[in-house]
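Report on the structure given below.
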2 protein chains.
Amino acid sequence: MISQAEENYLKAIFKIAEKENRAVSTNAIAVLMQTTPASVSDMLRRLSDKNLIAYEKYRGVQLTEAGKQVATELIRRHRLWEVFLVEKLGFSWDEVHDLAEQLEHVQGPSLIERLDAFLDYPRYDPHGDPIPDADGLWVFRAQILLSDLKTGQRGVITGVQEHSSAFLQYLAQMGLTLGAVLELLERIDYDQSVRVRMYDTRELMLSEKVCKNLFLMIENA
Amino acid sequence: MISQAEENYLKAIFKIAEKENRAVSTNAIAVLMQTTPASVSDMLRRLSDKNLIAYEKYRGVQLTEAGKQVATELIRRHRLWEVFLVEKLGFSWDEVHDLAEQLEHVQGPSLIERLDAFLDYPRYDPHGDPIPDADGLWVFRAQILLSDLKTGQRGVITGVQEHSSAFLQYLAQMGLTLGAVLELLERIDYDQSVRVRMYDTRELMLSEKVCKNLFLMIENA
DNA sequence: AAAAATATTTAGATTTGCCTAAAAATAAAT
DNA sequence: ATTTATTTTTAGGCAAATCTAAATATTTTT
Ligand SMILES: [Mn+2]
Ligand SMILES: [Mn+2]
Ligand SMILES: [Mn+2]
Ligand SMILES: [Mn+2]
């Protein structure tokens with residue numbers, strides 16, 4: 001039996017480990033989960049007892065295979081529920097995360113398989129993040145940040161780095177949704193802001209902050 | 001803030017109060033929730049502190065208006081999720097209760113309103129139980145048990161008294177689903193079992209136990 | 001290499017929700 | 001009206017998950 005709190009910790013560890021290539025620190029977990037390092041230490045002991053993480057005091061943690069599986073399944077459930085909320089219930093992409101945080105913990109035989117089928121086996125969630133399949137596998141996409149796009153290159157928006165409501169709402173308002181195509185016309189030296197042309201010929205100015213949080217795939221034009 | 005455990009207690013009290021017309025006893029709650037009377041006493045104190053129930057020691061409890069509202073909303077959420085699981089995900093009516101017990105606790109603005117709309121505002125759940133609307137209101141149906149039907153009368157199946165998987169599976173297997181029409185041909189004096197004719201002309205024998213757990217509305221033929 | 005800063009763990013409490021066993025109140029039976 | 005049986009509450013404890021404050025380990029700086 002794995003509690004909801006334990007599941008959440010495993011997911012947090014998984015997400016941190018995805019970015020950094022070393023053992024995950026107590027502090028990093030505490031920051032991401034908005035709790036105290038003391039609480040994290042406490043939980044790490046429990047997760048270690050259950051062989052879900054490899055834990056050496058003061059040396060950080062790594063997920064075991066069992067822990068990785070729990071985390072991956074949780075991410076799968078989270079992202080599938082997000083697709084449901086957007087595609088079927090009509091929520092916008094900035095409204096669904098907190099609901100999915102709850103729905104992801106619902107347990108029951110065949111629920112997720114049926115949901116997956118009902119949604120027609122989506123491979124990406126509303127934010128462009130990949131959805132692990134029933135075996136925990138997903139495809140890797142070679143996406144780059146808009147801040148790394150070269151002048152003259154065109155790209156399709158495929159995801160976001162930051163997931164805040166404020167950012168997501170801003171993007172939606174600007175028409176910068178998943179699948180939108182844009183061409184980088186110019187990068188301003190002074191503040192690293194950019195001028196882009198959308199597929200519909202509109203021209204937009206985007207700040208460096210936006211560029212550093214928007215993923216694209218380069219179009220082989 | 002009302003916890004999941006508190007919500008569950010309020011629902012249990014509501015359901016007991018629906019049947020019996022007096023204050024709800026500690027014991028009745030303990031039996032329904034499969035816990036100890038001591039735990040119930042504990043929780044009743046907490047619910048009383050929050051003004052969700054009117055509680056006099058040794059004299060049983062009643063829901064306050066606030067408590068009734070929480071219970072009704074919880075029932076609404078439970079039954080809407082059951083409709084979703086059956087209508088959209090293809091579960092059978094004997095598989096959905098435990099999942100709905102979890103889904104009913106998911107909190108979030110407009111989730112249930114959107115789910116209700118997505119399901120096209122169903123008025124009954126897969127077991128024939130009425131779904132409260134957004135204002136907590138539902139229509140009362142004058143249904144009677146098959147054990148109270150008179151010989152020669154015809155009725156439409158509209159609900160079940162017992163909700164066990166075993167019973168629900170048995171009914172499905174026999175074709176005794178919601179909306180099925182049957183005519184009472186004969187009641188056997190010896191054991192109160194009955195012979196019925198279904199709309200498709202099949203004849204079935206049903207035990208007294210089945211009769212006491214199957215609700216119908218009489219057809220004005 | 002010692003001192004200072006930072007990160008992590010431990011100790012001790014708290015809250016929620018549950019348990020068993022014992023005590024107290026109420027209801028039923030004689 | 002007592003006695004007996006049943007119901008309900010209280011007392012004391014436990015596990016999960018969290019917190020603050022204090023102690024300890026590690027890393028960085030001087
Ligand atoms: Mn999310
Ligand atoms: Mn997402
Ligand atoms: Mn149910
Ligand atoms: Mn139901």
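Nothing here was measured: the structure is a model prediction, and the numbers come from that model.
- You'll find that the side chain of B:Glu6 is closest to C:dG17, out of D:dT9, C:dT20, C:dG17.
- Side-chain contact check for B:Gln69 and B:Glu65: no donor-acceptor pair (N or O, by modelled atom type) lies under 3.5 Å.
- Between D:dA25, D:dT18, C:dC18, one nucleotide has an atom nearer to the side chain of A:Tyr58 than all others, and that is D:dA25.
- Within the structure, a side-chain polar atom (N or O) of A:Tyr9 is placed less than 4.0 Å from OP1 or OP2 of D:dT18.
- Taking 4.0 Å as the cut-off between side-chain N and carboxylate O, B:Asp133 and B:Arg76 do not count as a salt-bridged pair.
- If you find the closest nucleotide of DNA chain C to B:Lys50 and to B:Gln34, the one lying nearer the 5' end belongs to B:Lys50.
- Contact check, B:Asn27 against D:dT8: a side-chain N or O comes under 4.0 Å of OP1 or OP2.
- Between C:dG17 and B:Arg46, a contact under 4.0 Å exists linking OP1 or OP2 to a side-chain N or O.
- For the helix from C:dA1-D:dT30 to C:dT30-D:dA1, the axis fitted to the five pairs at one end and the axis fitted to the five pairs at the other end meet at an angle of 10° (nearest 10 degrees).
- Contact between the side-chain N/O atoms of A:Ser41 and the OP1/OP2 oxygens of C:dT9 is found at a separation under 4.0 Å.
- Candidate nucleotides C:dT9, D:dA17, C:dC19 were compared by shortest atom distance to the side chain of B:Thr35, and C:dC19 ranks first.
- Contact between the side-chain N/O atoms of A:Thr36 and the OP1/OP2 oxygens of D:dC19 is found at a separation under 4.0 Å.
- For the pair A:Arg141 and A:Tyr124, the cation sits on the ring face: its NZ or CZ lies under 6.0 Å from the ring centre, inside 45° of the axis.
- Note: B:Phe118 and A:Phe84 have perpendicular aromatic rings, judged against thresholds of 30 and 60 degrees for the angle between ring planes.
- Put simply, B:Lys57 has a side-chain N or O that comes within less than 4.0 Å of OP1 or OP2 on D:dT10.
- Taking the six-membered ring for Trp and thresholds of 30 and 60 degrees, A:Phe167 and A:Tyr170 have nearly parallel ring planes, at less than 30 degrees apart.
- At least one cation-pi condition fails for B:Arg45 and B:Tyr55: the charged atom is not both under 6.0 angstrom from the six-membered ring centre and inside a 45 degree cone around its axis.
- Considering only side-chain atoms of A:Ala5, the nucleotide from D:dT18, D:dT9, C:dC18 that sits closest is D:dT18.
- A ring-centre distance under 6.0 Å is found for A:His78 and A:His97.
- Between A:Ala38 and A:Arg59, the residue anchored closer to the 5' end of DNA chain D is A:Ala38, taking for each the nucleotide with the nearest heavy atom.
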